[in-house]
Amino acid sequence: MSRVRFYITTAIDYANGLPHLGHAFEKIGADVIARYHRLLGEDVRFLIGMDEHGQKVAQTAAERGMTPQALADDVSDRFREAWDSLNISYDQFIRTTDPHHKVGVQALIERIFKHNPDDFYERSYEGWYCVGCEQFKKDSEIVEGKCTLHPTRLLEWSEEQNWFFRLSRYSAFLKDLLEERPDFLQPDSRRNEILALIDSGLEDISITRSRLDWAIPFPRKSSNGEEQGTWVWFDALPNYLTATGFPDDSFQQWWPAQLHVIGKDITRLHAVIWPAMLESARLPLPQRVWAHGFVNLAGERFSKSAGVTLDLSGAIDRYGPDAFRYFLLREIPWDDDGNFSIERFDERYTAELANDFGNLVNRSLSMVVRYRDGIVPTNAGNAELDAAAQTAVGRYMDRMNAQRLHEGAAAVFALISEANGFVEAQAPWKLAKDPARASDLDDVLASLVRTIAIVATLLFPFMPRKMADLWKRLGAEQGNLPQLAELGALDAGGWSVTTGEVLFPRPDLAASA
């Protein structure tokens with residue numbers, strides 16, 4: 001029996017700067033989703049990559065005295081290093097400079113020419129162009145002569161004859177899509193924004209640039225014989241498709257994608273332009289687009305050009321990559337904006353990881369070693385704690401299926417809190433002093449280990465290295481963590497536990513202040 005397939009992608013990052021906290025938030029969140037679906041037993045394909053063409057890359061390369069390709073190679077390596085350090089479990093890292101991607105983009109354009117040739121046409125265009133966005137900006141998107149998303153960049157006036165895509169033709173199609181399939185674009189706030197945009201009227205878009213060498217050549221010459229470069233977004237969006245092998249027939253094995261994970265600032269591109277392109281080419285649409293919010297620092301959006309930055313490697317090294325992964329998705333809502341601060345990182349790490357979770361693991365395993373020579377009692381368990389654990393599994397899955405990652409993590413920590421309360425109420429150290437209550441002690445210890453095993457499984461998507469280490473300490477007979485469907489019948493009886501080093505060492509906050 002073939003397994004359910006789950007193809008998840010993130011926005012490909014632009015090759016003109018280094019990875020920052022906003023990039024990390026998206027990649028970690030998508031990785032948590034990918035790992036969660038693997039725990040469901042699904043066949044997961046997880047795509048990330050780099051967007052390497054366009055005017056902004058060419059300008060940055062020129063400023064550094066490099067070729068655009070050399071810049072793209074260097075930046076790509078930096079991003080790979082960052083994602084590897086954070087244990088992002090991607091299956092493919094696509095680059096828009098890959099030869100197959102170029103073939104795929106041109107094949108997609110030719111497919112549109114074949115099925116809907118009137119969707120492409122030529123005309124002269126003039127307007128204010130934001131190199132930061134790689135888009136022409138409407139008057140409503142300009143404040144005091146600056147792009148609202150890149151207020152430190154000067155807009156450039158551009159006048160040229162380009163190829164256009166007839167986006168206006170797809171207004172009714174897109175509105176029907178969002179109304180008939182409300183889960184196509186989530187969360188609801190993003191969907192409502194795009195519906196309002198469609199109602200205000202869609203304009204056709206310029207999809208080529210004159211005199212842009214650092215681009216995939218548009219496969220048709222202009223009427224004046226000029227060869228133009230494909231607009232960077234008309235090149236970047238198809239990466240999700242070309243990564244599956246398109247235009248080879250094998251692409252149908254993985255397309256359409258089940259989930260595109262993107263930032264809310266590029267929702268229009270993914271929920272308007274991309275589905276219109278696919279519909280024009282007569283190709284299936286992705287099942288869902290999830291547009292997360294921004295990570296802010298002291299209330300300001302992270303922006304290299306605006307000087308709002310944080311040393312990503314320093315933040316990761318503070319308590320290690322797993323603690324960083326956990327904090328970022330526990331603190332920042334996956335469906336809204338949120339604030340990052342080192343102070344909150346210290347607080348959550350100490351209170352939740354070092355104190356609540358770390359102490360639960362340390363004292364529970366230590367008691368099994370002390371009172372039962374490290375062997376988890378068999379045919380034992382506490383009905384109350386076992387029931388609480390299964391309730392937490394259901395609540396966790398409900399929240400994770402709804403892409404509410406922060407709420408999924410919160411459900412697990414509610415169980416950890418219950419388990420700590422259970423330890424205090426049962427006082428196993430007192431039970432150990434009374435031989436007549438040996439079976440009661442067995443019940444307490446068996447349920448604690450079983451609960452910790454369940455917690456380790458549920459938190460594995462968030463903290464894969466730490467939870468894999470914890471699983472080994474539990475001495476489970478199976479080498480790998482169980483799938484979520486197996487947690488209801490999980491029996492830790494007979495496991496041989498070891499304590500090991502402190503899972504989350506308490507920090508010396510005074511020294512790091």
Side-chain angles (χ1 to χ4, degrees), residues 9-24 26-27 47-86 88 90-107 109 129-135 149-150 152-154 156 158 160 207-219 226-243 263 266 269 302-307 309-314 316:
T9 74
T10 67
I12 52 176
D13 301 311
Y14 206 55
N16 75 319
L18 298 179
H20 57 61
L21 195 60
H23 296 129
E26 177 171 294
K27 301 304 178 290
L47 175 72
I48 64 176
M50 297 298 300
D51 180 4
E52 299 180 336
H53 288 124
Q55 188 174 343
K56 187 162 48 175
V57 171
Q59 287 183 354
T60 303
E63 291 167 1
R64 298 182 186 180
M66 307 170 67
T67 66
Q69 186 65 63
L71 174 64
D73 291 344
D74 179 63
V75 173
S76 174
D77 288 343
R78 301 291 189 92
F79 273 80
R80 282 179 185 263
E81 291 170 2
W83 306 150
D84 290 346
S85 73
L86 285 168
I88 305 300
Y90 59 88
D91 298 293
Q92 182 179 357
F93 189 98
I94 192 170
R95 300 177 60 183
T96 56
T97 53
D98 292 340
H100 180 83
H101 177 71
K102 174 181 176 180
V103 170
V105 169
Q106 292 181 326
I109 293 170
Y129 191 76
C130 174
V131 175
C133 295
E134 294 281 9
Q135 296 180 60
L149 292 177
H150 296 90
T152 62
R153 286 181 174 270
L154 292 174
E156 298 181 3
S158 179
E160 56 187 48
I207 58 162
T208 62
R209 298 292 181 266
S210 181
R211 301 178 300 281
L212 177 60
D213 295 330
W214 187 240
I216 292 178
F218 195 74
E226 181 183 24
E227 185 179 80
Q228 296 197 344
T230 304
W231 174 45
V232 65
W233 277 106
F234 226 73
D235 156 6
L237 290 167
N239 89 90
Y240 312 122
L241 179 65
T242 64
I266 53 175
L269 294 152
F302 280 87
S303 169
K304 178 184 66 175
S305 57
T309 61
L310 176 81
D311 177 25
L312 181 59
S313 61
I316 295 170

If I compare all heavy atoms of [X] with all of [Y], which pair ends up nearest, and what's the gap?
X	Y	result
A58	P68	CA-CG, 4.4 Å
A236	D51	CB-OD2, 3.6 Å
A15	A72	CB-CA, 4.3 Å
S210	Q228	CB-NE2, 3.7 Å

Give a yes or no on whether the backbone of D74 and the side-chain of D77 come within a donor-acceptor separation of less than 3.5 Å. no
Flag, side chain of E26 to backbone of A11, donor-acceptor distance under 3.5 Å: yes
Check this for me, if you would: do D73 and R95 make a salt bridge, where the nitrogen-to-carboxylate-oxygen distance has to be below 4.0 angstrom? yes
I'd like to know if E160 and R211 make a salt bridge, using a cut-off of under 4.0 Å between side-chain N and carboxylate O. yes
Contact check, side chains of [X] and [Y], non-hydrogen atoms, under 4.5 Å:
X	Y	value
F93	W83	yes
T60	Y14	no
D13	K27	yes
I12	I94	yes
I109	F234	yes

Between H101 and T96, is there a side-chain donor-acceptor contact under 3.5 Å, judged purely by atom types and distance? no
Distance check, rounded to the nearest 0.5 Å: [X] atom [atom1] versus [Y] atom [atom2]?
X	Y	atom1	atom2	value
D235	T230	CG	OG1	6.5 Å
D91	L47	CG	CG	9.0 Å
T9	Y240	OG1	OH	5.0 Å
E226	T208	CD	OG1	8.0 Å
W214	H53	CH2	NE2	4.5 Å

Whether H23 and H20 hold their rings parallel, tilted or perpendicular, with breakpoints at 30° and 60°: parallel
